[in-house]
Amino acid sequence: MDDMTKPIKLIALDMDGTLLTPELEVSKRNKEAIQEALNQGIQVVLSTGRGFQGCYPYAQELNLQTFLITANGGEVWTIEKELLRRKLLANNIVEKLYAVTEEIGIRKWMISTEKVFHDDEFVNIHDYQWLKFGCASEDQEKLNEVKRRLAGFSGLELTNSLPTNIEINPEGVSKADALDFLCKRTGISMQEVMAVGDSLNDVKMIQEAAVGIAMGNAQEKIKEVADAITSSNTEDGVGKAIEKFALR
């Protein structure tokens with residue numbers, strides 16, 4: 001990032017661990033900074049690992065006007081709930097992922113195009129279309145075992161949203177790729193984008209945006225690739241970053 005950076009026209013915000021406090025709320029300072037960005041004609045886009053249903057109420061609360069990136073880039077929506085793009089995991093792959101995680105004994109969740117399924121819910125995989133598969137454990141050895149088993153699979157994109165989980169999307173799906181899609185659609189360049197995040201599913205968008213910001217609570221790898229580090233998600237890190245790098 002240098003002094004010649006173009007004015008920011010689009011701000012992409014991760015949600016959990018970034019925009020949201022640990023209580024899953026948006027702080028007053030974050031809200032005010034986002035509102036000021038909107039007032040200045042800057043687009044603000046939630047770019048999240050969450051599915052659409054877990055993201056949309058926050059977009060409404062924040063009065064966002066344009067787009068949503070959900071399921072790590074698996075879907076791109078307009079704020080009017082028009083689906084612009086969707087990239088699915090094959091059902092037979094989801095079955096295999098389910099079997100591997102069952103065998104290793106690790107918590108899992110799966111985002112379909114309709115809803116999120118958690119560990120204890122019975123689901124017939126072939127009744128749904130799938131966007132993302134996630135698994136989590138505090139036992140690092142179990143996570144490593146999942147990664148070892150998945151090394152034999154092709155066509156998958158592996159990231160995380162916390163050090164204790166693994167998130168699996170179709171290969172090539174990322175928040176950065178979804179942002180690139182939106183840039184082409186709107187005529188904004190990645191040189192006019194600011195991205196803020198805290199986890200591995202944010203790495204690519206932070207690297208590719210003109211201004212990539214890591215949260216104070218971000219994983220070390222994110223801090224290493226970011227242009228700057230803001231405060232944590234308990235200290236209005238998003239609001240401070242918007243004020244410093246985006247507002248005119």
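Side-chain atoms of Thr230 and Val238, non-hydrogen and from C-beta on, never get closer than 4.5 Å to each other. No side-chain heavy atom of Asn201 sits less than 4.5 Å from a side-chain heavy atom of Asn160.
Lys223 meets the side chain to side chain donor-acceptor pair (under 3.5 Å) test with no other residue; sequence neighbours excluded. When the salt bridge (Lys or Arg N to Asp or Glu O under 4.0 Å) test is applied to Glu25, no partner is found at least two apart in sequence or on another chain. Glu220 is linked by a salt bridge (Lys or Arg N to Asp or Glu O under 4.0 Å) to nothing, counting only residues two or more places apart in sequence or in another chain. Listed by chain and number, the residues in a side chain to side chain donor-acceptor pair (under 3.5 Å) with Gln53 amount to none (sequence neighbours excluded). Applying the ring-ring contact (aromatic ring centres under 6.0 Å, His included) test to Trp77 and every residue at least two apart in sequence or in another chain returns Phe52. Contacts of Arg107 classified as side-chain contact (heavy atoms from CB on, under 4.5 Å), with partners at least two apart in sequence or in another chain: Asp119, Ala136, Glu138. Legend: residues meeting salt bridge (Lys or Arg N to Asp or Glu O under 4.0 Å) with Glu95, ordered by chain and number and at least two apart, are absent. In terms of the salt bridge (Lys or Arg N to Asp or Glu O under 4.0 Å) criterion, residue partners of Glu32 (sequence neighbours excluded) are, by chain and number, Lys28.
Residue Cys183 holds its SG atom at 8.0 Å from CD of Glu192, rounded to the nearest 0.5 Å.
The pair Asp14-Arg50 does not count as a salt bridge, with every side-chain nitrogen at least 4.0 angstrom from each carboxylate oxygen. Looking at Arg148 and Glu145, a side-chain N of the basic residue comes within less than 4.0 Å of a carboxylate O on the acidic one, giving a salt bridge. Arg85 has no carboxylate O lying under 4.0 Å from a charged side-chain N of Glu75, or vice versa, which leaves the two without a salt bridge. Lys108 and Glu121 are not joined by a salt bridge, as no carboxylate oxygen comes within less than 4.0 angstrom of a charged side-chain nitrogen. Electrostatic pairing of Lys204 and Asp177 does not count as a salt bridge here, judged by no charged N lying under 4.0 Å from a carboxylate O.
Other cluster members for Leu150: Leu89, Ile93, Val94, Leu97, Tyr98, Val100, Ile104, Ile106, Met110, Phe117, Val123, Ile125, Tyr128, Trp130, Phe133, Leu143, Val146, Phe153, Leu156, Leu158, Ile166, Ile168, joined by side-chain heavy-atom distances under 4.5 Å among Ile, Leu, Val, Met, Phe, Trp and Tyr.
For residues 233-244, the pairs satisfying salt bridge (charged side-chain N to carboxylate O under 4.0 Å, His left out) are Arg29-Glu243, with sequence neighbours left out. Contacts classified as salt bridge (charged side-chain N to carboxylate O under 4.0 Å, His left out) and involving residues 193-202 (residues at least two apart or in different chains) are given here: Lys175-Asp202. Screening residues 172-208 for ring pair (Phe, Tyr, Trp, His ring centres under 6.0 Å), with sequence neighbours left out, gives no hits.
Minimum heavy-atom separation, Ile188 to Gln43: CD1-NE2, 3.7 Å.
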